[in-house]
There are 2 protein chains.
Amino acid sequence: MRHSGAMLSQRGRYALKAMIHLAAAAPDSGPQQISAIAGQGNIPRKFLEAILVDLKKAGLVISVRGQRGGYRLARPATEIMIGDIMRITDGPLALVPCVSKLFYRRCLDCADEATCAIRHIMALVREEVGTVLDKTSLAQTAALGLGSDADPSADTVLLSAS
Amino acid sequence: MRHSGAMLSQRGRYALKAMIHLAAAAPDSGPQQISAIAGQGNIPRKFLEAILVDLKKAGLVISVRGQRGGYRLARPATEIMIGDIMRITDGPLALVPCVSKLFYRRCLDCADEATCAIRHIMALVREEVGTVLDKTSLAQTAALGLGSDADPSADTVLLSAS
DNA sequence: GTTAATCCCTACTCGATAGATAGGAAAACT
DNA sequence: AGTTTTCCTATCTATCGAGTAGGGATTAAC
């Protein structure tokens with residue numbers, strides 16, 4: 001009965017918002033300032049600062065210091081996957097560490113991984129989550145917020161009502 | 001950089017272990033006792049007690065009190081889905097409450113759900129997770145732990161290496 | 001070179017929750 | 001009655017997420 005809800009942390013939500021903001025900015029405009037991002041996204045400024053530092057350390061964004069500084073994407077938005085962002089803020093996509101591809105760790109009390117039923121099914125889940133989050137780019141995601149979801153340029157992902 | 005890992009709680013892991021244990025028990029054998037389940041699964045006894053009570057309140061298991069009492073499944077293992085179990089212990093499957101089918105709640109700061117890019121992609125994830133967890137039965141899962149994964153009786157789910 | 005705007009780093013608070021434990025009450029069988 | 005089991009209530013502790021605070025470092029502009 002423990003329905004605390006949301007497994008996407010507030011951190012993660014803010015990070016996605018910020019990245020979408022950066023992706024939506026005109027390509028020739030300069031770096032976007034923290035205050036601007038925070039203001040538009042209803043994000044506590046100081047908190048966002050810390051998140052952006054993490055994204056920078058991970059190589060997803062580039063910072064420009066000094067007057068008129070700010071942040072911009074390190075790569076084109078078509079080459080940044082949503083999974084990349086979420087891993088920074090929320091850790092591995094896998095529900096159990098023993099099926100994580102990038103952060104593998106044994107489960108403490110697991111006698112034999114090969115015969116662990118939990119591991120088997122969680123691997124399936126991990127697989128499916130990965131096919132969405134690691135194959136959907138930031139560009140595709142940002143385009144989703146434009147009202148009409150009829151953007152045929154994205155061939156990988158098909159929308160489905162929920 | 002927050003990789004605490006596992007989004008499947010310990011509670012959830014214990015619940016799955018216990019349910020698999022119950023599913024694996026001989027159908028004519030009596031109810032399984034907490035101590036037996038706890039012993040075989042390396043689960044703290046008192047903790048497991050609380051979990052089983054939750055599973056009972058949710059109608060997944062039936063308890064028998066008194067001497068030679070214990071627990072048994074409320075329905076055949078083929079009719080209990082893994083998602084049913086995980087929702088009891090870990091809450092909604094969705095990563096954000098606004099795409100949860102059974103526990104829908106608005107996101108606090110969401111201006112317009114129709115144009116929320118985060119919501120769109122999280123709905124896709126929710127969809128994929130659901131197709132695994134709500135279509136894989138406890139019986140199928142328990143059969144996975146038998147070493148050979150060649151069980152053609154389960155037609156819904158195909159195994160894939162990870 | 002001074003200024004002003006920005007990024008960056010360290011530390012801290014507060015509240016919630018996961019995990020676990022303890023003791024006993026209620027029920028059912030012998 | 002007595003034993004064995006589930007069941008209920010309360011409690012504890014450590015960790016973590018979320019957010020705050022303040023100042024130091026860096027650089028563009030003037």
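Below, chains carry the letters A, B, ... as their sequence lines are ordered, and counting in each starts from 1. Here the structure is a predicted model, which means the values were calculated and not measured.
- For B:Arg11, the side-chain atoms get nearest to C:dG19 when compared with the rest of D:dT20, C:dC9, C:dG19.
- Set against D:dA29, D:dG2, D:dA18, the side chain of B:Gln67 has D:dG2 as its closest nucleotide.
- For the pair A:Val53 and A:Gly69, both in contact range of DNA chain C, the more 5′-proximal nearest nucleotide belongs to A:Gly69.
- As rounded to whole Å, 15 Å separates atom P of D:dT15 from atom CD of B:Gln10.
- Mapping A:Gly66 and B:Leu52 onto DNA chain D via the closest heavy atom, the residue that lands nearer the 5' end is B:Leu52.
- The base of C:dC8 sits with one of its N or O atoms less than 3.5 Å from a complementary donor or acceptor on the side chain of A:Glu49.
- Considering only side-chain atoms of B:Tyr14, the nucleotide from C:dA20, C:dC7, D:dA18 that sits closest is C:dA20.
- Closest non-hydrogen pair, B:Val96 versus B:Met122, comes out as CG2-CB, 3.5 Å.
- No side-chain heavy atom of B:Leu133 sits less than 4.5 Å from a side-chain heavy atom of B:Asp84.
- Taking 3.5 Å as the limit, the base of C:dG19 and the side chain of B:Lys46 contain no donor-acceptor pair of atoms between them.
- Considering only the side chain of B:Arg65, C:dA28 comes nearest among C:dC8, D:dA18, C:dA28.
- Comparing D:dA18, D:dT6, C:dG19 by their closest approach to the side chain of A:Ser9 singles out D:dA18.
- Side-chain contact between B:Lys135 and B:Met81: absent, with no pair of heavy atoms (C-beta onward) separated by less than 4.5 Å.
- For DNA chain C, none of the residues of residues 30-38 of chain B falls under the heavy-atom distance limit of 4.0 Å.
- Annotation: B:Arg68, atom CZ; neighbour count of heavy atoms from other residues, nucleotides and ligands within 6.0 Å does not exceed 12.
- Under the side chain to side chain donor-acceptor pair (under 3.5 Å) criterion, B:Ser35 pairs with B:Arg45, not counting sequence neighbours.
- Residues A:Arg119 and A:Cys107 fail the side-chain proximity criterion, which asks for heavy atoms closer than 4.5 Å.
- Set against D:dC7, C:dC7, D:dG19, the side chain of A:Pro44 has D:dG19 as its closest nucleotide.
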